[in-house]
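Each remark here refers to the structure printed beneath this line.
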Amino acid sequence: MKTFLRILAAGSAVLLAVCAANAADWTENYPSALAQAKKEHKLLLLDFTGSDWCIWCKRTDKEVFDTAKFKEYADKNLILVKVDFPEERKMPESVKAQNEGLKDKYDIQGFPTLIVLNPHEKVVYTQVGYKPGGPEALISNFASAN
């Protein structure tokens, strides 16, 4: 019986880890994300960030994107794209070029900037800079944009 319970506990832990890993996955591949948004009829969230140097970006990650509430909402309603401009982290040239193109297309002036697009690439919400209020404040803005 003890062996069965250990196996059950180990299996449950693995299952939870897999579910958590799939929750609110971010991609850097815009074309793939757009295709997925169209297929699943979801909004596309572009997070323009300086992930390794921008203190307000890190704060947004910690207070909003890393929360269970946001991840739960995102799983059901959003396709997440990180449009990163790091100083230290190395990125493929193709991703750098894509991100520069998106930065120019949406006239990004500072970080963080959040752009929400419908599946037809129409901007339905923009947030420039850090905003307090946690995931609830941001989610309420997305809900009204949909």
Side-chain angles (χ1 to χ4, degrees), residues 7-146:
I7 292 170
L8 183 62
S12 297
V14 169
L15 183 59
L16 287 173
V18 168
C19 289
N22 289 333
D25 288 333
W26 290 86
T27 183
E28 291 184 324
N29 186 327
Y30 178 77
S32 173
L34 180 59
Q36 185 178 356
K38 288 178 181 179
K39 179 182 172 189
E40 297 179 16
H41 307 287
K42 292 182 176 181
L43 296 174
L44 194 65
L45 170 61
L46 307 180
D47 174 23
F48 290 85
T49 183
S51 66
D52 63 3
W53 59 268
C54 171
I55 191 166
W56 297 110
C57 300
K58 291 177 181 185
R59 193 165 178 187
T60 299
D61 286 348
K62 181 180 177 185
E63 294 179 12
V64 179
F65 299 145
D66 293 345
T67 66
K69 184 165 184 96
F70 177 80
K71 289 175 183 181
E72 181 181 329
Y73 178 83
D75 280 345
K76 295 175 185 169
N77 301 286
L78 303 172
I79 303 300
L80 305 172
V81 181
K82 189 153 302 272
V83 187
D84 200 2
F85 296 86
E87 290 181 353
E88 301 294 324
R89 183 172 78 94
K90 303 294 183 215
M91 293 177 28
E93 290 301 318
S94 60
V95 174
K96 286 182 185 178
Q98 168 198 268
N99 291 359
E100 283 296 333
L102 290 168
K103 183 180 173 190
D104 292 343
K105 180 177 182 175
Y106 295 106
D107 193 30
I108 303 303
Q109 301 295 315
F111 302 111
T113 296
L114 306 179
I115 304 284
V116 178
L117 307 172
N118 71 17
H120 306 290
E121 293 186 278
K122 179 182 179 220
V123 175
V124 296
Y125 176 76
T126 301
Q127 176 180 307
V128 178
Y130 167 81
K131 302 281 193 243
E136 295 83 5
L138 191 60
I139 290 168
S140 70
N141 290 321
F142 294 165
S144 65
N146 199 2

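Fair warning: this is a prediction, and the values are worked out from it, not measured in the lab.
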- [ ] Please examine the side chains of V123 and T126, heavy atoms only from C-beta on, and report whether any two atoms are closer than 4.5 Å.
- [x] yes

TODO: Side-chain contact test, heavy atoms from C-beta onward, threshold under 4.5 Å: evaluate it for Q127 versus T113 and give yes or no.
DONE: no

Task: Test item: S32 side-chain N/O and N29 main-chain N/O as donor-acceptor pair under 3.5 Å - done: no

Open item on the list: In the structure I gave you, are the side-chain heavy atoms of N118 and L43 within less than 4.5 Å of one another anywhere?
Closed with: yes

Open item on the list: Filter on salt bridge (charged side-chain N to carboxylate O under 4.0 Å, His left out), then keep only pairs touching residues 122-132, sequence neighbours left out; what's left?
Closed with: none

Task: Backbone N/O of K103 and side chain of D107: donor-acceptor pair under 3.5 Å - done: no

Task: Pair I55-R59, side chain to side chain contact (heavy atoms under 4.5 Å, CB included): steps then yes or no - done: CA-CA 6 Å; I55 191 166; R59 193 165 178 187; 5.6 Å; no

Task: Least distance between heavy atoms, T60 atom then P112 atom - done: OG1-CG, 3.8 Å

TODO: Enumerate the residue pairs fulfilling salt bridge (charged side-chain N to carboxylate O under 4.0 Å, His left out) with a member in residues 41-52, sequence neighbours excluded, ordered by first and then second residue.
DONE: E40-K42, D47-K82

Task: Inter-residue atom distance Y30.OH - L34.CG, 0.5 Å rounding - done: 4.5 Å

Task: Summary of ring-ring contact (aromatic ring centres under 6.0 Å, His included) pairs that have at least one residue in residues 74-101, sequence neighbours excluded - done: F85-F111

- [ ] Go through the structure and list residues passing side chain to side chain contact (heavy atoms under 4.5 Å, CB included) with K105, not counting sequence neighbours.
- [x] E121

Open item on the list: Could you check whether atom CD of E87 has more than 12 heavy atoms from other residues, nucleotides or ligands sitting under 6.0 Å from it?
Closed with: yes

Task: Contacts of type side chain to side chain donor-acceptor pair (under 3.5 Å), residue D104, not counting sequence neighbours - done: none

- [ ] Kindly indicate whether the side chain of N99, heavy atoms from C-beta on, has any atom under 4.5 Å from the side chain of M91.
- [x] yes

TODO: Check whether any side-chain heavy atom of F70 sits under 4.5 Å from a side-chain heavy atom of D75, and report yes or no.
DONE: no

Open item on the list: Using side chain to side chain contact (heavy atoms under 4.5 Å, CB included), reason through L80 and D25 one step at a time and then give a plain yes or no.
Closed with: CA-CA 7 Å; L80 305 172; D25 288 333; over 6 Å; no

Open item on the list: Quick check: do K58 and S51 have side-chain heavy atoms less than 4.5 Å from each other?
Closed with: no

- [ ] Could you list the residues that satisfy side chain to side chain contact (heavy atoms under 4.5 Å, CB included) with P132, not counting sequence neighbours?
- [x] Y130

Task: Side chains of I108 and I115 in contact at under 4.5 Å (non-hydrogen atoms) - done: yes

Task: L78 CG to K71 NZ distance, which is reported to the nearest 0.5 Å - done: 14.0 Å

TODO: Grab the two heavy atoms, one from W26 and one from L45, that are nearest each other, plus how far apart they are.
DONE: CH2-CD2, 3.9 Å

- [ ] Can you see which heavy atom on T27 is nearest to which on A33, and at what distance?
- [x] CG2-CB, 3.8 Å

Open item on the list: Could you tell me if the side chain of L138 sits less than 4.5 Å from the side chain of F65, heavy atoms only?
Closed with: yes

Open item on the list: Quick check: closest heavy atoms across P135 and K69, and the distance to 0.1 Å?
Closed with: CG-CB, 4.1 Å

TODO: Could you go through the side chain to side chain contact (heavy atoms under 4.5 Å, CB included) check for L117 and L46 one step at a time?
DONE: CA-CA 8 Å; L117 307 172; L46 307 180; 3.9 Å; yes

- [ ] Say whether, by atom type as modelled, one donor and one acceptor occur between the side chain of E28 and the main chain of V81 under 3.5 angstrom.
- [x] no

Task: salt_bridge(E100, K96) N-O dist < 4.0 Å - done: no

